[in-house]
Amino acid sequence: MTRKGAGNAAPQFLEGDPATGYLPGRKWPVIRYGLLSLLAAAILVFAIELIVRGDFAGTVGFFLQPFKPGWTTILIFALVLIGLDAVLGRSYQSLMIVAPLTLALAVVGHQKSLYLGDPLYPTDFLYSRQIMALMPLLVRDRPGTAIIMAVGIVGGLALLVYGWRLWRRRVPALSHKGRLARLTLTVPLLAFVVSIMDYATFSWTRDRLQIIPIMWDQKENYASNGFALAFALNVPMAHVSAPPGYSDKAIAAIDRPAVTASMPDEKPDIIIVMSESFWDATKLPGVTITPDPIPNVRALRSGYMFSPEFGGMTANIEFEALTGFSNAFLPAGSIPYQQYVRSATPSMATFLKSQGYRARAIHPGTNWFWNRGAVYADFGFNDFKSEETLPPLQKRGPLASDAAMTDEIIREADASADPVFFFAVSLQNHGPYEPYRYYNPTHKVEAPISPWARESLLSYAEGSADADRGLERLIEWAKKRERPTVIAFFGDHLPPLGPVYVETGFMKDNVAPRKEPSPEAALEHHQTPLILWSNRTGPAEDMGAVSPAFLPYHILTMAGISHPYYTGFLGALRERYRVVDRNLLLTPTGAATPDWARQKKIDPAINDFRLLQYDMMFGKRRAAPDFFPETLDKPVTHTS
């Protein structure tokens, strides 16, 4: 140290230096660290987009355009990495958390888009328990893939734990001042980013960054803004904002129907069967199924149910069919059963129970699936029989059979002295439709498709035939009854047949697009058979395609029952529209209005529909005395 020039030695950026806190002996540590963090963020964001899109050229194109959301995403990821490093106390250790988590989300998002046609939403994690419950079926369908996934997950976790421990030993801890400097930089910037993510409000900064929330078309939203930003933009959808113009005065201005609640002298039993994935598979091009798997449905069909979903999301169809409300007025990707039904909510069960009915629900699955146990209580059902409370039901294939569920409906109805309102959701024909699901198939499928697809379609056809026989038995039983009985039967959505659709040429992808290119395509991909039948008048006829929200009107009308909302308001609206969907309005004559929600002027009848729904679900319930009088003595308390 006494040698000449020794005092002018090059500075070493050591751990004690308050300006750094990085690896010792490295020059320009701040610049180096910042550039490496940006590089790591860029590689990670590119990998995420590549996984989600499944297209290298498309991913490159997403980043080649300047000032696009891709570069904003990279900067945000870099800030997250730097801030998390400060929390963990080691440089770059945040990658061991952020990378596995985001890449796993990307894989899940890609798989969801393949099987359901929708991107991954934040609300999807509300029903992760449902996904786990379906894992045995998925493992049975593709055991090889399941084994590879299990080995990959275990191996990845082991490698991550090893790397984490090694990094903690080899890399020196950051100084307190260095950690504080990082947090001082990142926290305000990330807080600002969060503040501009609310799509419901205009943001000058977001506009300059060309981040345009396309909430009406989520597929385009994810394609334009990228997976991470679009996912973040969907976080606020858990909150439903009041429609424009919502006020006490607006609710008071809605025309009150000249309809009161009334019942026939002899109250009919009402039985609704929502049959899992029930559809006419003979609509597939080039496919012949012998014998006809659904002869009874074909003979009795009253019309079609226009499902707002494809291949899944059963609870959203239930929501409409039971409440007479519409998913069209809720944020895209939301699941009312999981997010919004948290207190007493008007439904057909609420009304019919107030008129002396025994309101019952039955589903051979678990009571927590889709949060049904709590939701049915909020809807006013007297009881809900599920796997936990039903007697052991005979299985057909891996799941409880439709025949056993039909037996239970008949037994319960015959045992009740009071009129019964039954809502039943079947389980047997739930996907995936693994080949050779049934050891004794009674049908034959002929189609120019691969053996796997043909056997998968045979499994589905067998399940459909069992559902058809269940309907036949229910109607034959009802024909012999003295008590009036109304039966509604429909499929909730088209089945998730995946490659079968592509190989037969029915669709170009495994799932239908959320936004169809034409009304005709929407009808083709969202119609399931609907039967509405009475043992007094037989089947209803020529109903056409109707949204599930109109089912209460049709069912109660056939039963000879009136109600201010279900037959009054919905009856008047049904004269103008038979389909009210997020992307399509369809009149009784077939006239279509695509993208109606984006138009400057919305039909006042549709606006009234939206105002009433918001008022009763989220608002002050000012409409209750005139439209839902049976709810006036019901306390609005959280029960789920």
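Just so you know, these numbers use all the heavy atoms, side chains as well, and skip hydrogens, waters and symmetry mates.
- For the pair Ser534/Pro268, no side-chain contact is recorded, criterion being any heavy-atom separation below 4.5 Å from C-beta on.
- A donor-acceptor contact closer than 3.5 angstrom is absent between the side chains of Asn583 and Trp596.
- Side chains of Ser562 and Ser262: a donor-acceptor N/O pair is present below 3.5 angstrom, by distance only.
- Scanning all heavy atoms of the two residues, the minimum distance from Leu458 to Val445 falls at CA-CG2, 3.8 Å.
- Minimum interatomic distance between Leu584 and Ala522 (heavy atoms only, all atoms of both residues): CD2-CB, 4.2 Å.
- Put simply, the side chain of Met313 does not reach to within 4.5 Å of the side chain of His493, judged on heavy atoms.
- Under a 4.0 Å N-O distance rule, the pair Glu472/Arg469 does not qualify as a salt bridge.
- Among Ile475, Ile487, Thr485, the one residue that satisfies the side-chain contact (heavy atoms from CB on, under 4.5 Å) test with Asn535 is Thr485.
- Atom CZ in Phe319 sits 12.5 Å away from atom CD1 in Ile335 (nearest 0.5 Å).
- Ring geometry, Tyr565 versus Phe325: the interplanar angle exceeds 60°, so the pair is classed perpendicular (tilted spans 30 to 60°).
- Checking Thr282 against Asp280 by side-chain atom types alone, a donor-acceptor pair falls below 3.5 Å.
- Tyr501 and Phe310 have tilted rings, their planes meeting at an angle from 30° to 60° on a 0 to 90° scale.
- The pair Glu462-Arg396 counts as a salt bridge, with a side-chain nitrogen and a carboxylate oxygen less than 4.0 angstrom apart.
- Ion pairing between Arg473 and Glu476 fails under the 4.0 Å rule for side-chain N and carboxylate O.
- Using a 4.0 Å cut-off between a side-chain N of Lys or Arg and a carboxylate O of Asp or Glu, Asp292 and Arg298 qualify as a salt bridge.
- With values rounded to the nearest 0.5 angstrom, Lys515 atom NZ is found 12.5 Å from Arg582 atom CZ.
- Shown here is Glu482, whose CD atom has no more than 12 heavy atoms of other residues, nucleotides or ligands within 6.0 Å.
- The only option from Phe421, Phe381, Phe369 that meets the ring-ring contact (aromatic ring centres under 6.0 Å, His included) definition with Tyr376 turns out to be Phe381.
- With hydrogens and angles left out, the side-chain atoms of Ser426 and Gln428 include no donor and acceptor closer than 3.5 Å.
- For the atom pair OG1 (Thr528) and OH (Tyr304), the distance works out to 10.0 Å, reported to the nearest 0.5 Å.
- Under the 4.0 Å criterion applied to side-chain N and carboxylate O atoms, Arg301 and Glu541 are not assigned as salt-bridge partners.
- The backbone N or O of Thr557 lies less than 3.5 Å from no partner atom in the side chain of Thr567, so there is not a single donor-acceptor pair.
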Tell me, with the steps shown, if Ser307 and Glu309 meet side-chain hydrogen bond (donor to acceptor under 3.5 Å, both in side chains). CA-CA 5 Å; Ser307 177; Glu309 303 293 347; over 6 Å; no

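- In summary, the side chains of Glu276 and Asn429 do not present any donor paired with an acceptor at a separation below 3.5 Å, with no hydrogens or angles considered.
- Ring pair Phe278/Phe489 is perpendicular by interplanar angle, where above 60° counts as perpendicular and below 30° as parallel.
- Using a 4.5 Å heavy-atom threshold, the side chains of Pro496 and Ser277 count as touching.
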Checklist line | salt bridge (Lys or Arg N to Asp or Glu O under 4.0 Å) between Arg372 and Glu318, intermediate numbers included | finding: CA-CA 10 Å; Arg372 281 189 177 105; Glu318 275 187 51; 2.5 Å; yes

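- Rounded to the nearest 0.5 Å, atoms CG (Asp603) and OG1 (Thr587) are 11.0 Å apart.
- In summary, the side chains of Glu630 and His563 do present a donor paired with an acceptor at a separation below 3.5 Å, with no hydrogens or angles considered.
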For Trp279 and Phe506: C-alpha separation, side-chain torsions, deciding distance, then whether ring-ring contact (aromatic ring centres under 6.0 Å, His included) applies.
CA-CA 14 Å; Trp279 181 62; Phe506 183 72; 5.5 Å; yes

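- Between Glu412 and Arg360 there is a salt bridge, since a side-chain N of the basic residue sits under 4.0 Å from a carboxylate O of the acidic one.
- To the nearest 0.5 Å, atoms CZ (Phe569) and CG (Asp255) are separated by 9.5 Å.
- Side-chain N/O atoms of Asn367 and Glu387 include no donor and acceptor closer than 3.5 Å.
- Of all heavy-atom pairs spanning Pro594 and Pro519, the tightest one is CG-CG, 4.4 Å.
- At distances below 3.5 Å, not a single donor-acceptor pair connects side-chain atoms of Ser302 with backbone N or O atoms of Ile531.
- Using a 4.0 Å cut-off between charged nitrogen and carboxylate oxygen, Arg622 and Asp615 do not count as a salt-bridge pair.
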Assess the residue pair Tyr433 and Leu457 against the criterion (side chain to side chain contact (heavy atoms under 4.5 Å, CB included)); give the C-alpha distance rounded to whole Å, side-chain angles, the decisive distance to 0.1 Å, and a yes or no.
CA-CA 7 Å; Tyr433 307 101; Leu457 182 56; over 6 Å; no

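- Just one residue in the list Phe329, Phe618, Tyr614 forms a ring-ring contact (aromatic ring centres under 6.0 Å, His included) with Tyr340, and that residue is Phe618.
- More than 12 heavy atoms of other residues, nucleotides or ligands sit less than 6.0 Å from atom CG of Asn440.
- Salt bridge status for Asp418 with Lys267: absent, with no side-chain N to carboxylate O gap under 4.0 Å.
- For the atom pair OG1 (Thr389) and CD1 (Ile362), the distance works out to 8.5 Å, reported to the nearest 0.5 Å.
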